[in-house]
Amino acid sequence: MVNMADLRVRLGPLTLKNPVMAAAGTFGFGAEYAPFFAPEKLGALVVNGLTLRPREGNPPPRLAETPAGMLNAIGLQNPGLKIFLEEELPRLKSGRVAVIVNIAGESEEEYVILARELSAVPGIIALEINLSCPNVKQGGLQFGTSAAAIAKLVSKVRQACALPLIVKLTPNVTDISELARAAESGGADILSLVNTLMGMVIDVDTGRPFLGNITGGLSGPAIRPVAVRMVYEVYRATGLPLIGMGGIMEVDDALQFMMAGARAVAVGTANFIDPYTVPRLISALDVYLDAKGFNGPENIIGAAHR
Amino acid sequence: MVNMADLRVRLGPLTLKNPVMAAAGTFGFGAEYAPFFAPEKLGALVVNGLTLRPREGNPPPRLAETPAGMLNAIGLQNPGLKIFLEEELPRLKSGRVAVIVNIAGESEEEYVILARELSAVPGIIALEINLSCPNVKQGGLQFGTSAAAIAKLVSKVRQACALPLIVKLTPNVTDISELARAAESGGADILSLVNTLMGMVIDVDTGRPFLGNITGGLSGPAIRPVAVRMVYEVYRATGLPLIGMGGIMEVDDALQFMMAGARAVAVGTANFIDPYTVPRLISALDVYLDAKGFNGPENIIGAAHR
Amino acid sequence: MLANARVLNLEKLTASDYLLLLEEPQFAVQASPGQFLHIRIKDSLAPFLRRPFSVAGAPPGKGVLQIIFRVVGKGTAVLSQAKRGTSLTCLGPLGKGFKPTPGLSPAVLLAGGMGVAPLLFLAHLLAKEQKKILLFYGVASITELLPLKRFLPPQVELHLATDDGTSGYRGPVTALLAEALQGGLKPGEMFACGPRPMLQAVAGQNRGWNFPLQVSLEERMACGLGACQGCAVKIRQGGESSYRMVCCDGPVFDGQEVIW
Amino acid sequence: MLANARVLNLEKLTASDYLLLLEEPQFAVQASPGQFLHIRIKDSLAPFLRRPFSVAGAPPGKGVLQIIFRVVGKGTAVLSQAKRGTSLTCLGPLGKGFKPTPGLSPAVLLAGGMGVAPLLFLAHLLAKEQKKILLFYGVASITELLPLKRFLPPQVELHLATDDGTSGYRGPVTALLAEALQGGLKPGEMFACGPRPMLQAVAGQNRGWNFPLQVSLEERMACGLGACQGCAVKIRQGGESSYRMVCCDGPVFDGQEVIW
Ligand SMILES: Cc1cc2nc3c(=O)[nH]c(=O)nc-3n(C[C@H](O)[C@H](O)[C@H](O)COP(=O)(O)OP(=O)(O)OC[C@H]3O[C@@H](n4cnc5c(N)ncnc54)[C@H](O)[C@@H]3O)c2cc1C
Ligand SMILES: Cc1cc2nc3c(=O)[nH]c(=O)nc-3n(C[C@H](O)[C@H](O)[C@H](O)COP(=O)(O)OP(=O)(O)OC[C@H]3O[C@@H](n4cnc5c(N)ncnc54)[C@H](O)[C@@H]3O)c2cc1C
Ligand SMILES: Cc1cc2nc3c(=O)[nH]c(=O)nc-3n(C[C@H](O)[C@H](O)[C@H](O)COP(=O)(O)O)c2cc1C
Ligand SMILES: Cc1cc2nc3c(=O)[nH]c(=O)nc-3n(C[C@H](O)[C@H](O)[C@H](O)COP(=O)(O)O)c2cc1C
Ligand code: FES
Ligand code: FES
């Protein structure tokens with residue numbers, strides 16, 4: 001029998017059964033993709049951006065296709081913490097899936113409350129702070145682009161949170177390394193990057209911005225070179241384990257991120273194109289590692305720096 | 001006879017015969033595309049990034065194809081000011097083309113010298129300061145990402161320069177409006193945006209960064225939504241006339257930029273795909289304006305803000 | 001839910017409309033009128049996202065789905081070049097379709113342009129329920145008229161409107177419908193699909209008429225499954241309004257609940 | 001310089017190699033061995049950039065160009081599906097080709113894999129000049145062997161090497177060449193095209209042999225015209241080294257001037 005690679009990866013306090021996750025906001029609460037494969041196959045499922053109170057989201061249109069990518073301006077539509085805890089989390093727990101909750105607040109206090117409440121319930125393996133959602137006026141970009149604000153916010157959340165803490169960085173900044181170090185100094189365990197790039201499309205028939213929200217977040221293969229570059233940079237700037245994402249469609253894309261320094265990767269937009277992307281990448285990664293004679297992802301993580 | 005639209009546009013002190021230019025670094029010194037059409041058709045030709053001294057450029061590979069785009073890390077290979085003035089400029093002048101020279105310096109002084117010397121020779125209609133080239137260690141990104149540095153540099157160049165002054169902004173920043181205002185306060189006449197997004201590709205066969213320079217600049221349709229958004233933002237932030245660029249391939253793309261607020265557009269990467277892109281867009285714009293009954297570009301510039 | 005459907009045939013119906021026959025026995029059995037397929041047009045980055053198309057028919061026992069589509073952009077242009085014998089990966093059948101109420105007759109179908117596609121499928125269901133069926137069908141001009149006879153059960157009564165009067169009634173199909181109602185037509189229920197202004201107009205007028213009205217809506221989609229929350233439309237229910245998803249809460253909604 | 005070349009035929013030569021016949025009379029007259037076409041594989045965003053391919057032949061009076069290509073990635077995969085009768089927009093003929101020196105004989109051609117393509121065209125030019133021609137041709141395995149007889153003038157003396165010994169000499173083609181030189185072969189001049197390590201090896205060895213050696217190089221290209229400065233290789237001339245462009249200064253360079 002051939003020696004099969006062990007796909008487990010450790011990210012600081014967190015161990016995943018494999019390094020391929022579903023990215024926040026793209027996999028719902030997991031139910032939508034359950035007809036395709038068992039969610040427990042996922043390295044982890046990062047569930048929909050959660051806020052303290054329910055949010056109705058932005059006016060339509062919320063989506064636009066762009067060259068090799070798409071814009072979204074969902075505006076964090078979600079049922080809020082209470083309904084999440086009462087309805088969604090129990091469903092998720094029954095599925096034996098490794099759940100990470102992506103949270104966004106309109107103020108530091110909201111982040112702290114979310115972190116505290118979510119730490120108190122079982123069935124969640126980590127929290128991911130979204131301080132970078134470009135589609136929400138409050139609680140969005142301002143937190144994400146100032147190093148001082150990040151350090152302060154993260155350290156407050158850190159104190160309120162017993163779970164491993166992932167901080168998700170926005171790419172819409174001059175120096176992502178500076179922000180990564182701020183998150184590290186605030187007490188983040190893990191960094192994830194990147195969120196979407198801020199973009200817009202104009203409807204030339206009307207002359208008006210196409211999206212209801214005017215701007216939206218660019219995701220998909222179009223942004224991959226930017227995302228890989230940022231992972232590469234942040235790997236050099238901090239000692240924290242990284243989760244890389246942005247335009248991953250094929251195993252080679254995932255390898256790029258891991259070689260750039262990511263210990264795990266997340267798949268977002270590609271789920272919409274091929275719902276089987278995550279299990280397909282997990283298998284392909286397995287095959288790749290075996291073919292190379294590697295016994296695990298460790299052999300490739302950060303290879304581009306060696 | 002049908003009433004034909006008048007394609008002329010005014011950008012502050014500069015009047016162009018039409019609003020479609022060839023972007024810096026993508027059209028050489030014009031000779032390469034002369035077999036396809038007369039360069040005088042161009043609204044303007046922004047010639048290759050020029051430095052004071054000759055630069056040999058970055059080690060290969062310098063290019064990589066990416067989803068709906070490409071990375072380049074040319075590193076400003078150019079013959080330097082002296083040879084440009086002796087050999088290239090006379091050739092250009094004989095072609096009756098509207099020449100804008102894109103300049104980059106390794107220090108403020110170099111920018112100033114370049115501006116002074118180029119102001120002194122006839123045959124150039126404007127200077128474009130490249131303070132955003134991400135592929136050059138010195139003279140590149142540092143100038144481009146600090147508002148204070150931009151204001152200082154621009155005002156020095158302004159004093160040395162009798163020509164209309166275009167300042168080209170980098171998209172690799174947190175707040176492009178702030179930098180636009182800094183350039184305005186320094187005395188820029190016109191802003192052009194965007195330069196390339198910084199990205200990278202990893203060669204998964206070797207595990208190493210693919211480009212000789214490690215990172216490169218992302219251009220092409222992939223970045224268009226980001227570029228349109230920045231033009232839209234900067235239009236609101238300053239009163240300066242704007243030149244928009246980033247992924248323009250078709251007339252609808254040019255219209256997006258103009259509706260977002262650009263008074264002229266520049267075509268870069270698309271020249272490589274279809275060398276006739278610029279004349280094709282000029283004609284298509286003409287047809288569009290006629291069909292709409294508009295008598296010139298003025299009718300659409302900034303439409304998305306109305 | 002994800003299948004490789006084989007392209008059995010592609011036929012040009014008008015200058016820009018095509019009939020696509022997809023072989024996919026399971027989908028053909030499962031599909032109900034108003035549901036749609038989310039089709040990956042090409043295994044390539046361009047076009048990038050899947051494209052939604054209503055099921056226009058699934059003749060019993062054939063294992064085949066009919067899609068009628070119009071070339072309006074890059075994706076449909078590429079689809080119009082699909083080669084017989086190749087496969088398209090499709091998600092489907094997706095969404096909640098039309099829900100005819102037993103006994104309510106006649107059924108009035110209101111179609112604008114390509115919006116007729118899901119109504120063709122619906123007509124067959126209604127015909128099975130022995131209802132009287134009237135189809136009000138409006139297009140811009142005679143050149144856009146689809147050969148509906150081929151797709152409709154024989155008993156459907158067709159009322160035609162063209163914007164330019166080149167065939168049938170001259171004017172919007174909603175005006176033709178309004179005239180018929182004034183002339184004494186009493187729908188048991190109505191089903192509409194077409195451009196948003198048409199749907200908005202009929203829903204507005206229906207505030208006076210007050211017939212049961214189901215409308216099929218379109219929005220930009222990414223996942224097609226309810227995961228991305230992208231295809232939102234605002235719906236009022238029990239006094240409260242919220243965004244619902246066209247792909248999984250619709251595409252068919254109660255016409256009086258949609259906030260236009 | 002930009003033409004819509006019609007696809008006359010596409011033929012599979014090996015498991016992954018194809019012969020593409022393009023009808024473009026003007027290019028066919030203009031092209032010289034070593035020059036290349038910059039082909040837009042599809043009017044789409046994927047593949048995005050043009051792809052460079054050497055002219056492998058242009059039989060006199062036919063108005064047709066031969067391209068021999070290997071499927072190595074997305075662009076060539078799409079090209080291998082090109083349909084007869086469709087057109088491809090091509091820039092060409094581009095670059096500076098091989099420059100044989102009258103009187104220098106025999107001409108030794110050294111080809112690694114697909115690198116044989118431009119040398120096939122060159123062989124015809126050399127044959128016209130009545131030179132003795134030897135082609136050293138190396139591939140990984142017998143399955144990759146192109147049917148060269150079809151493309152070569154009859155007088156060419158073929159020396160074959162495979163890495164795995166499944167046909168001809170077992171080992172690198174450079175080793176086969178070195179043996180031939182030791183055995184007394186005295187080239188008048190040499191022309192080489194193939195993978196960079198092969199070219200580097202022969203250029204290195206040639207520092208001892210010191211024959212006139214022209215090598216055809218590859219680099220990533222965007223414009224193909226010398227405008228973008230992307231396809232740089234370092235060249236040493238008269239003691240000074242600088243970056244030259246494969247697309248317009250090459251693709252053929254003096255083997256002793258290339259800095260590997
Ligand atoms: C539930 C549903 C059922 C549909 N059924 C049919 C049908 O039976 N026949 C038919 O011809 N068309 C139908 N459409 C519309 C069809 O999806 C669009 O015409 C098609 O997506 C256009 O793609 P394109 O690439 O040619 O156009 P482009 O304009 O190039 O597409 C750009 C993007 O916008 C999206 N888009 C453009 N128009 C629409 C639209 N009207 N609705 C949703 N997304 C759109 C595309 O999917 C793509 O993501 C339906 C739409 C929905 C939502
Ligand atoms: C002057 C010249 C002549 C050539 N002649 C031939 C020939 O006759 N037959 C043949 O089979 N191949 C030839 N090649 C190589 C051919 O261009 C590549 O195999 C082809 O571009 C690969 O495209 P792809 O999309 O399949 O690969 P991908 O790897 O998907 O391409 C990604 C990008 O890399 C570029 N690229 C990949 N490999 C090469 C390469 N070796 N050289 C330059 N760019 C590359 C592509 O053009 C594209 O921009 C030649 C290259 C050059 C520079
Ligand atoms: C429709 C959509 C919704 C998203 N919602 C969230 C969110 O709620 N929170 C968050 O941190 N990121 C969100 N993202 C960003 C993704 O998690 C991911 O960072 C980004 O899309 C880049 O990855 P991709 O290119 O693979 O999609 C969303 C992305 C998309 C496309
Ligand atoms: C090969 C290449 C070289 C470039 N060189 C320069 C340069 O010297 N100076 C500069 O300001 N911008 C340079 N640019 C940026 C372009 O002028 C333009 O801003 C950018 O490519 C976005 O436009 P596009 O998407 O149409 O290419 C270069 C771009 C490319 C692709
Ligand atoms: S398309 Fe994703 S929720 Fe409807
Ligand atoms: S490919 Fe642009 S200079 Fe050679």
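Below, chain A is the first sequence line, B the second, and so on; all start at residue 1. Just so you know, these numbers use all the heavy atoms, side chains as well, and skip hydrogens, waters and symmetry mates.
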[Y] backbone acceptor or donor facing [X] side chain under 3.5 Å:
X: A/N58; Y: A/A73; result: yes
X: A/Y111; Y: A/N130; result: yes
X: C/Q214; Y: C/K99; result: yes
X: C/Q200; Y: C/W260; result: no
X: A/N102; Y: A/N48; result: no

(request) For C/Q26, look at atom CD and say whether over 12 heavy atoms of other residues, nucleotides or ligands are found less than 6.0 Å away. (result)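 No, not enclosed.
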(request) Side chain from CB out, backbone as N, CA, C, O: work out which of these in A/Y33 comes under 4.5 Å of a heavy atom of chain C, or both, or neither. (result) side chain
(request) Would you mind checking which part of A/P59 comes under 4.5 Å of any heavy atom in chain C, side chain (CB onward), backbone (N, CA, C, O), both or neither? (result) both
(message) Suppose a student defines contact as a heavy atom less than 4.5 Å from any heavy atom of chain C. Which residues in residues 266-278 of chain A would they list?
(response)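 Interface residues of residues 266-278 of chain A: A/T269, A/F272, A/I273, A/D274, A/P275, A/Y276.
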(request) Go through the side-chain N and O atoms of C/Q205 and C/T174 and say whether any donor and acceptor fall under 3.5 Å apart. (result)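 Looking only at side-chain atoms, C/T174 and C/Q205 do not form any donor-acceptor pair under 3.5 Å.
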(request) Could you tell me which of A/F29, A/F27, A/F36 has the largest number of non-hydrogen atom pairs under 4.5 Å with chain C? (result) A/F36
(request) Would you mind telling me which of A/G69, A/G212, A/A222 has the largest number of heavy-atom pairs within less than 4.5 Å of chain C? (result) A/G69
(request) With sequence neighbours excluded, give me every salt bridge (Lys or Arg N to Asp or Glu O under 4.0 Å) pair touching residues 18-38 of chain C. (result)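 The answer is C/R6-C/E23.
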(request) Inspect the contact between C/E257 and C/R244 and indicate whether a charged nitrogen and a carboxylate oxygen are less than 4.0 angstrom apart. (result) no
(request) Could you tell me whether C/E219 and A/R62 have a side-chain N and a carboxylate O separated by less than 4.0 Å? (result) no
(request) Could you have a look at C/S44, C/A222, C/A232, C/S242 and say which one has the most heavy-atom pairs with chain A under 4.5 angstrom? (result)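 Looking at each option in turn, the highest pair count goes to C/A222.
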(message) Is C/A46 in contact with chain A via its backbone, its side chain, both, or neither, using a 4.5 Å heavy-atom distance?
(response)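 Neither; nothing under 4.5 Å.
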(request) Would you please go through residues 74-98 of chain C and name the residues with a non-hydrogen atom below 4.5 Å from one of chain A, in numerical order? (result)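 Heavy-atom contacts from residues 74-98 of chain C to chain A are C/L91.
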(request) Go through the structure and list residues passing side-chain contact (heavy atoms from CB on, under 4.5 Å) with C/V64, not counting sequence neighbours. (result)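 If we apply the side-chain contact (heavy atoms from CB on, under 4.5 Å) test to C/V64, skipping adjacent residues, the hits are C/L8, C/L21, C/K62.
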(request) Could you tell me which non-hydrogen atom of A/I125 sits nearest to which non-hydrogen atom of A/A98, and how far apart they are? (result) CD1-CB, 3.7 Å
